Participant: 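The structure that follows is given in the form of structure tokens.
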There are 2 protein chains.
Amino acid sequence: MLGQDADDFCRPGLSAAPLGEDRAGELARVFKALGDPVRLRLLSLIASRQGGEVCVCELTPAFEVSQPTISHHLKLLRQAGLIDGERRGTWVYYRVLPEALEGLAAVLRPRAAEAEA
Amino acid sequence: MLGQDADDFCRPGLSAAPLGEDRAGELARVFKALGDPVRLRLLSLIASRQGGEVCVCELTPAFEVSQPTISHHLKLLRQAGLIDGERRGTWVYYRVLPEALEGLAAVLRPRAAEAEA
DNA sequence: GCTCTATATTGACGACTTTCGATTCAACCC
DNA sequence: GGGTTGAATCGAAAGTCGTCAATATAGAGC
């Protein structure tokens, strides 16, 4: 949803011009997905993993919440366009979509920092 | 709360290593503040303003929600460390804290992009 | 086919959010 | 002082979110 085509890289950040309502709505959905400690840790676990993929079977026991809750959070991260999952046999593997992270970082970067890029 | 001292600039991003619970909690609070369309547009209006400051009296009529609601959202943005406000006479002026935005952008930047910096 | 394991979905509950109208607080001006 | 205007706070209603236990689905292997 975000960072999946080249357009997202060309959009100006927050500080370039006031966000329109539609764009604000899109971005809010993604930031909302980041606004939970469990989801942030899930994303970080996946993003920091050498090889780029993590099995859900490794994620679930890393938290003190139930398996359905982890599944729910993974779904929200996926719907926000931050991660993607693939089933291989019995297991499901998730990976981050780095373009999405990069795109969000670009949105946040303040005006001064925009010139350097 | 974020980006207010030098430490925040040196912290590794999401993708460098799994986030600890405490850090994830801190960051989630900030991202949650960004997870609302009205707040994103408020932040963008303030950030994109030449001169760096915007009077609340200019913010309130730019939205279709009530004045108390705008005030509430500004409070949340301030508590997240994203903006700061100052009263001058009858009016209150808000400005963004660019270090906070820069810090958040750095947190998001994926591993590949981290090397370039 | 049946069974077992891994993941997803459902339904429910409490907690938190967003919003509002009413009120209060702060500062200016007469 | 009293009146006016800008902004914050309060209290409540409606909606959303995070979580769980229970259940369903997908695939592997016998």
Side-chain angles (χ1 to χ4, degrees), chain A residues 19 21 24-46 49 53-80 82-96, chain B residues 19 21-22 24-46 49 53-96:
Chain A
L19 286 174
E21 290 186 47
E26 284 176 30
L27 287 172
R29 279 196 17 258
V30 183
F31 282 123
K32 201 180 304 186
L34 295 173
D36 178 274
V38 173
R39 285 197 292 272
L40 269 183
R41 288 173 62 203
L42 277 169
L43 184 66
S44 178
L45 264 178
I46 301 170
R49 168 60 54 98
E53 284 189 334
V54 186
C55 176
V56 174
C57 63
E58 238 179 305
L59 260 17
T60 304
F63 294 84
E64 296 190 339
V65 299
S66 68
Q67 175 267 319
T69 298
I70 295 295
S71 190
H72 173 64
H73 285 311
L74 288 170
K75 184 183 191 177
L76 291 186
L77 287 171
R78 183 154 34 82
Q79 289 176 336
L82 293 166
I83 63 175
D84 195 15
E86 184 194 354
R87 173 158 224 135
R88 285 209 293 278
T90 309
W91 296 275
V92 176
Y93 296 84
Y94 280 94
R95 66 177 199 284
V96 300
Chain B
L19 286 174
E21 290 185 47
D22 294 355
E26 283 176 32
L27 287 172
R29 280 198 16 256
V30 183
F31 282 122
K32 200 180 305 184
L34 295 173
D36 177 275
V38 174
R39 284 197 292 273
L40 268 184
R41 289 173 62 205
L42 278 170
L43 185 65
S44 178
L45 264 178
I46 301 169
R49 169 59 56 95
E53 282 188 335
V54 187
C55 177
V56 175
C57 62
E58 236 180 305
L59 260 16
T60 303
F63 294 83
E64 296 190 339
V65 299
S66 68
Q67 175 267 320
T69 299
I70 294 294
S71 190
H72 176 240
H73 284 310
L74 287 170
K75 183 182 190 178
L76 291 186
L77 286 171
R78 184 155 31 85
Q79 288 177 337
L82 293 165
I83 63 176
D84 195 16
E86 184 194 355
R87 174 158 224 136
R88 285 210 292 280
T90 309
W91 295 277
V92 175
Y93 295 85
Y94 280 93
R95 64 177 201 284
V96 299

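This is a predicted model, so every value here is computed, not measured. So you know, we letter chains A, B, ... as the sequences are listed, proteins then strands, and number each from 1.
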Participant: From the options D:dA8, C:dC28, C:dC20, select the nucleotide whose nearest atom is closest to the side chain of B:Gln67.
Facilitator: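 For the B:Gln67 side chain, the nearest candidate turns out to be D:dA8.
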Participant: Any donor and acceptor pair, going by atom type alone, linking the side chain of B:Arg49 with main-chain N or O of B:Arg95 inside 3.5 Å?
Facilitator: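 Absent.
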Participant: Please determine if a side-chain N or O atom of B:His73 lies less than 4.0 Å away from the OP1 or OP2 oxygen of C:dT17.
Facilitator: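 No, B:His73 has no side-chain N/O under 4.0 Å of OP1/OP2 on C:dT17.
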Participant: Could you check whether B:Phe63 gets within reach of a base, just the sugar-phosphate, or nothing at all, counting any heavy atom under 4.0 Å?
Facilitator: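 Contact class for B:Phe63: none.
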Participant: Ignoring the backbone of B:Pro68, work out which of C:dA8, D:dG18, D:dT9 is nearest its side chain.
Facilitator: D:dT9
Participant: Check the phosphate of D:dC20 against A:Thr69, side-chain N and O only, distance under 4.0 Å to OP1 or OP2. Yes or no?
Facilitator: yes
Participant: Specify the separation, in whole Å, of atom NZ of B:Lys75 and atom P of C:dT19.
Facilitator: 16 Å
Participant: Distance check needed: D:dG6 P versus B:Tyr93 OH, whole Å only.
Facilitator: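 To the nearest whole Å, that distance equals 12 Å.
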Participant: How would you label the contact of B:Leu76 with the nucleic acid (heavy atoms, under 4.0 Å): base, sugar-phosphate, or nothing?
Facilitator: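 Sugar-phosphate contact only - B:Leu76 comes under 4.0 Å of backbone atoms but never of a base.
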Participant: Please give, in whole Å, the distance from C:dT17 C1' to A:Phe31 CZ?
Facilitator: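 Those two atoms, CZ and C1', are 19 Å apart.
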Participant: Does the side chain of B:Thr90 get closer than 4.0 angstrom to OP1 or OP2 of C:dA27 through an N or O atom?
Facilitator: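 No, no such contact exists.
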Participant: With a 4.5 Å limit on heavy-atom distance, are the side chains of A:Val54 and A:Leu45 in contact?
Facilitator: no
Participant: Measure from CG on A:Leu42 to C1' on D:dT19 and round the result to the nearest Å.
Facilitator: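 Answer to the nearest Å: 14 Å.
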Participant: What I'd like to find out is whether the side chain of B:His73 reaches to under 4.5 Å of the side chain of B:Leu77, using heavy atoms alone.
Facilitator: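 Heavy-atom side-chain distance check fails, nothing below 4.5 Å.
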Participant: Nearest whole Å is fine: how far is D:dG18 P from A:Arg41 CZ?
Facilitator: 15 Å
Participant: Choose from C:dA26, C:dT18, C:dA6 the nucleotide whose nearest atom is closest to any side-chain atom of B:Asp36.
Facilitator: C:dT18
Participant: Just wondering, more than 12 heavy atoms not from B:Glu64 lying within 6.0 Å of its CD?
Facilitator: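 12 or below, so no.
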Participant: Could you give the NZ-to-P distance, from A:Lys32 to D:dT16, as a whole number of Å?
Facilitator: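 Answer to the nearest Å: 9 Å.
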Participant: Start at the 5' end of DNA chain C and walk down; is the nucleotide closest to B:Arg88 or to A:His72 reached first?
Facilitator: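 Nearest nucleotide further toward 5': that of A:His72.
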Participant: Could you tell me how far apart B:Ile70 (CD1) and C:dC20 (P) are, to the nearest whole angstrom?
Facilitator: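 Going from CD1 in B:Ile70 over to P in C:dC20 covers 9 Å.
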Participant: Under 6.0 Å from the ring centre and within 45 degrees of the ring axis: does the NZ or CZ of B:Arg78 meet both conditions for the six-membered ring of B:Tyr94?
Facilitator: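 Cation-pi check for B:Arg78 and B:Tyr94: fails.
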Participant: Of A:Glu64 and B:Tyr94, whose closest DNA chain D nucleotide lies nearer the 5' terminus?
Facilitator: B:Tyr94
Participant: In whole angstrom, give the distance that lies between atom CH2 of B:Trp91 and atom P of D:dT4.
Facilitator: 17 Å
Participant: Quick check: on DNA chain D, is the nucleotide nearest A:Arg87 upstream (toward 5') of the one nearest B:Thr60, or the reverse? Name the residue that is more 5'.
Facilitator: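 Upstream on the strand: B:Thr60.
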